[in-house]
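Order of appearance sets the numbers: ligands from 1, and atoms from 1 within every ligand.
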Amino acid sequence: MTRILRLGVNIDHVATIRNARGGGHPDPLRAAKAAAKAGADGITAHLREDRRHIGDDDITRLCRDIDLPLNLEMAAIDEMLEIALRHKPHAVCLVPEKRQERTTEGGLDVLGGGDDLASVIQALSQAGIRVSLFIEPDVAHLDAALALGAPVVELHTGAYCDAPIDARSTQLDRIVAAAAHADRIGLECHAGHGLTFDTVGPVAAIPTIFELNIGHFLVGEAIFGGLESAIKRMRSLMDKSRAEATGERSA
Ligand code: PXP
């Protein structure tokens, strides 16, 4: 049986470029519309506490004007919970957030920070929002995510993508094992962070992963060949790899 592999396009860094000059160009909403045209299944945007890229108005416009489901990445704090409950996006991915970090450097502390997370997961779920937890690809972290009541996890692929080529397979093995464990314990499994044309194939091949969220590389590639072209190529690499892994033909 073929399992669906969705592509969520993260448009944060379209906003990073816009904010460098403080005007309205390039508009993340326009990027979201281009992503939809190019075959994205969803749009992902991270509203950070410091608003360094995506802003509140972007979230309002994405919820109002985009047909694709929005996956809102956010920290599990009261301010963000209130925003999510007001907008009711299709999904929320809870991520750890540190002001000093350049990007989301690791997964959530599901082993140590459970109490705060549980109440946010419950409030979001009660509002009908699908909640995922961004975690390290580790069995103990998956078990903790399940115990916290999250239906979905997103595995952090940063260590795999950043590893030197000769160390990549060790990191990939962690992701493969974690995705298999997620399936066994009934968690829907997603993955993302740092994925590129070169690294996406082996992750897309894992049959128990249902969604990849990819942003920075696509926005960077857009400089050279356009956003739609970059997304189409990513989509086709994902589909080819999944089809080869499952022994089926890609569409
Ligand atoms: N998934 C999560 C939870 C993230 O925080 C990010 C980065 O914002 C991504 C996926 C996408 O990572 P990248 O921009 O490196 O593709």
Side-chain angles (χ1 to χ4, degrees), residues 5-17 19 28 31-32 35 40-55 58-59 62 69-76 80 84 89-99 101-110 117 120-121 124 130-137 141 145 150 152-163 171 175 178-179 182 187-201 203-204 209-223 227 230-231 233-235 237-238:
L5 179 60
R6 300 186 297 267
L7 170 61
V9 172
N10 181 313
I11 54 170
D12 292 351
H13 297 300
V14 177
T16 302
I17 300 170
N19 295 358
D41 301 292
I43 299 299
T44 295
H46 185 174
L47 185 67
R48 279 185 169 266
E49 219 182 330
D50 63 9
R51 311 299 198 266
R52 69 173 73 157
H53 38 55
I54 292 293
D58 294 323
I59 298 299
L62 287 167
L70 178 68
N71 173 35
L72 172 64
E73 290 178 3
M74 61 177 228
M80 293 299 155
H90 167 73
V92 160
C93 179
L94 296 174
V95 299
E97 210 174 288
K98 292 190 219 105
R99 287 206 176 216
E101 70 188 354
R102 269 201 223 158
T103 181
T104 315
E105 283 162 2
L108 283 164
D109 179 14
V110 278
L117 286 170
V120 174
I121 293 165
L124 292 167
R130 187 199 71 191
V131 185
S132 68
L133 302 185
F134 192 41
I135 59 169
E136 292 299 319
H141 289 229
V152 181
V153 289
E154 179 165 329
L155 304 178
H156 198 307
T157 51
Y160 156 72
C161 293
D162 293 343
Q171 294 300 333
I175 297 170
L187 287 171
E188 180 173 316
C189 189
H190 302 173
H193 208 282
L195 292 167
T196 67
F197 292 153
D198 288 339
T199 53
V200 76
V203 180
I209 289 185
F210 286 79
E211 180 176 305
L212 299 181
N213 284 298
I214 309 179
H216 181 267
F217 178 80
L218 291 172
V219 175
E221 274 300 295
I223 292 168
L227 184 60
I231 293 169
R233 173 135 188 247
M234 188 63 85
R235 175 89 259 175
L237 289 169
M238 286 165 54

From atom 2 (C) of ligand 1, work out which of His53, Glu73, His193, His13 has a heavy atom at the shortest distance.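 Result: the heavy atom closest to atom 2 (C) of ligand 1 is in Glu73.
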Over all heavy atoms of both residues, which pair between Met234 and Thr196 is shortest? Give the atoms and the distance, please. CE-C, 3.7 Å
So for ligand 1, is [X] a polar contact partner (N or O within less than 3.5 Å, distance only)?
| X | result |
| --- | --- |
| Gly194 | yes |
| His216 | yes |
| Gly215 | yes |

Arg51: partners by salt bridge (charged side-chain N to carboxylate O under 4.0 Å, His left out), with sequence neighbours left out: Asp56, Glu79
What part of Asp12, side chain from CB on, backbone N/CA/C/O, both or neither, has a heavy atom under 4.0 Å from ligand 1? side chain
Taking only heavy atoms of [X], which atoms of ligand 1 are found under 4.0 Å from at least one of them?
| X | result |
| --- | --- |
| Ile214 | 16 (O) |
| Val95 | 3 (C) |
| Asn10 | 8 (O) |
| Asn213 | 10 (C), 11 (C) |

Val131 and Val152: side chain to side chain contact (heavy atoms under 4.5 Å, CB included), yes or no, with the steps? CA-CA 6 Å; Val131 185; Val152 181; over 6 Å; no
Can you tell me if Phe217 contacts ligand 1 (heavy atom of the residue under 4.0 Å from the ligand)?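 Not so, Phe217 does not reach ligand 1.
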Any salt bridge (Lys or Arg N to Asp or Glu O under 4.0 Å) pairs touching residues 211-223, not counting sequence neighbours?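 For residues 211-223: Arg6-Glu211, Arg130-Glu211.
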Check step by step if salt bridge (charged side-chain N to carboxylate O under 4.0 Å, His left out) holds for Asp50 and Arg48. CA-CA 5 Å; Asp50 63 9; Arg48 279 185 169 266; 5.2 Å; no
Assess the residue pair Thr44 and Asn10 against the criterion (side-chain hydrogen bond (donor to acceptor under 3.5 Å, both in side chains)); give the C-alpha distance rounded to whole Å, side-chain angles, the decisive distance to 0.1 Å, and a yes or no. CA-CA 4 Å; Thr44 295; Asn10 181 313; 5.6 Å; no
Parallel, tilted or perpendicular: which describes the rings of Phe134 and His156, with under 30° parallel and over 60° perpendicular?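 Ring orientation, 0 to 90° scale: parallel.
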